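Below is one structure; the comments refer to it alone.
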Amino acid sequence: TTNRDVVNRPTYTCVSPSKIESNSKFSTEDSYIDNEQLNETAIIGTLIHKLMEYIINSKNCLLDDSVCTYIAKRYDREDLTEILINVKKTICSGGYKQSECPFDDIFNFVKPFKCLTEVPFSYKEKKDNVYGLIDLVIEKDDEVIIIDYKTGSESVDHSAQLQAYEKVAAMLYNKPIKTYIYYIKH
């Protein structure tokens with residue numbers, strides 16, 4: 001081994017929190033989904049995340065359906081407009097029934113609080129750079145709540161991802177941190 005080999009060897013890797021292995025019996029990926037379906041699932045998830053960003057930032061569920069059309073057109077997926085309209089209607093009329101998250105009506109829950117959406121972060125953990133986007137940070141007087149939206153199955157364990165979000169939030173806030181998955185069933 002030469003000095004040049006040592007200098008050129010990577011000293012870390014980059015890891016997305018959603019790819020961190022958890023100590024769970026559940027797989028972190030839906031291995032039964034083929035690549036074409038996985039890509040379609042990822043596209044729908046991306047569009048729904050964008051819609052949630054609009055709804056939360058506007059603090060106004062009176063957004064007309066044109067925001068759904070705009071998002072679908074922006075991604076050249078007008079065929080998904082109806083899915084977005086249905087998600088918007090559900091979010092704005094009480095939300096989705098949650099089993100783990102303590103509130104179904106996310107829209108009305110967040111209204112009185114400062115909210116940050118799509119918050120980028122990175123930190124070093126041993127030889128890994130952990131990076132990503134937190135879907136929603138809710139800043140309350142006495143705590144910070146982190147929400148990660150999921151459009152997939154509730155059977156998948158996301159605890160390692162939530163732990164990464166909690167770790168980065170603890171670096172930024174001097175108050176208790178709570179993390180939840182908010183499932184959007186389209």
Side-chain angles (χ1 to χ4, degrees), residues 14-20 22 42-72 74-75 83-125 129-152 154 156-186:
C14 292
V15 180
S16 172
S18 62
K19 303 297 182 211
I20 296 173
S22 65
I43 290 166
I44 292 170
T46 298
L47 272 64
I48 290 173
H49 275 73
K50 187 54 68 179
L51 176 62
M52 291 301 294
E53 187 177 353
Y54 274 92
I55 292 171
I56 298 298
N57 286 330
S58 74
K59 302 232 182 200
N60 178 3
C61 258
L62 297 176
L63 295 169
D64 66 30
D65 292 345
S66 66
V67 71
C68 300
T69 305
Y70 169 76
I71 292 168
R74 187 169 167 212
Y75 288 87
I83 289 175
L84 295 177
I85 289 170
N86 290 333
V87 168
K88 179 185 148 300
K89 285 179 182 172
T90 302
I91 291 295
C92 295
S93 62
Y96 291 90
K97 182 76 179 138
Q98 301 295 305
S99 58
E100 305 270 331
C101 189
F103 45 85
D104 300 338
D105 189 352
I106 190 168
F107 175 71
N108 283 311
F109 177 80
V110 303
K111 269 186 177 180
F113 306 113
K114 179 180 178 185
C115 295
L116 306 169
T117 57
E118 299 300 316
V119 179
F121 71 90
S122 68
Y123 65 89
K124 193 156 180 109
E125 171 101 22
N129 278 347
V130 180
Y131 68 94
L133 291 172
I134 297 173
D135 293 336
L136 176 59
V137 177
I138 304 166
E139 295 181 6
K140 295 175 69 177
D141 290 339
D142 58 342
E143 68 184 351
V144 172
I145 299 174
I146 294 176
I147 303 294
D148 189 63
Y149 308 125
K150 294 293 182 198
T151 57
E154 285 191 50
V156 177
D157 181 22
H158 301 287
S159 60
Q161 183 178 3
L162 293 178
Q163 288 169 0
Y165 294 164
E166 186 173 359
K167 183 173 186 166
V168 74
M171 294 177 203
L172 300 172
Y173 296 97
N174 189 24
K175 50 178 102 171
I177 312 293
K178 293 181 180 174
T179 59
Y180 301 103
I181 300 291
Y182 187 87
Y183 287 97
I184 298 171
K185 302 148 190 96
H186 57 90

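The structure displayed is predicted, hence computed values, not measured ones. Atoms considered below: every heavy atom in the structure, side chains included; atoms not considered: hydrogens, waters and symmetry mates.
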query = Heavy atoms, side chains only, cut-off 4.5 Å: are K178 and V144 in contact?
reply = no
query = CD1 of I91 to NZ of K89: how many Å apart, nearest 0.5 Å?
reply = 14.0 Å
query = What distance do M52 atom CE and D135 atom CG have between them, rounded to the nearest 0.5 Å?
reply = 9.0 Å
note = From the list D148, T179, V168, side chain to side chain contact (heavy atoms under 4.5 Å, CB included) with I134 holds only for V168
key: Rounded distance [0.5 Å steps], NZ in K50 versus CG in L47   = 9.5 Å
request  = Take I184 and V87, measure what side-chain contact (heavy atoms from CB on, under 4.5 Å) needs, and give me the verdict at the end.
outcome  = CA-CA 8 Å; I184 298 171; V87 168; 3.9 Å; yes
CG-CG distance between D157 and L162, expressed to the nearest 0.5 angstrom = 8.5 Å
query = Is the closest side-chain heavy-atom distance between I138 and F109 below 4.5 Å?
reply = yes
inquiry  = Side chains of E139 and Y173 only: does a donor on one sit below 3.5 Å from an acceptor on the other?
reply    = yes
query = What's the verdict on side-chain contact (heavy atoms from CB on, under 4.5 Å) for I106 and Y96, showing C-alpha distance, side-chain angles and the deciding distance?
reply = CA-CA 8 Å; I106 190 168; Y96 291 90; over 6 Å; no
query = Run the side-chain contact (heavy atoms from CB on, under 4.5 Å) check on N129 and S122 step by step: do they pass?
reply = CA-CA 7 Å; N129 278 347; S122 68; 5.9 Å; no
message = Taking D142's backbone N and O only, do any of them form a donor-acceptor pair with K175's side chain (distance below 3.5 Å, no angle check)?
response = no
query = Would you say the side-chain atoms of K88 pair up with the backbone N or O of D64, donor to acceptor, closer than 3.5 Å?
reply = no
request  = For the residue pair F103 and Y182, categorise the inter-ring angle as parallel (less than 30°), tilted (30 to 60°) or perpendicular (more than 60°).
outcome  = parallel
task = Flag yes if more than 12 heavy atoms outside N174 fall under 6.0 Å of its CG atom; otherwise flag no.
result = no
query = What is the distance from atom CD1 of I48 to atom CD1 of I43, rounded to the nearest 0.5 Å?
reply = 12.0 Å
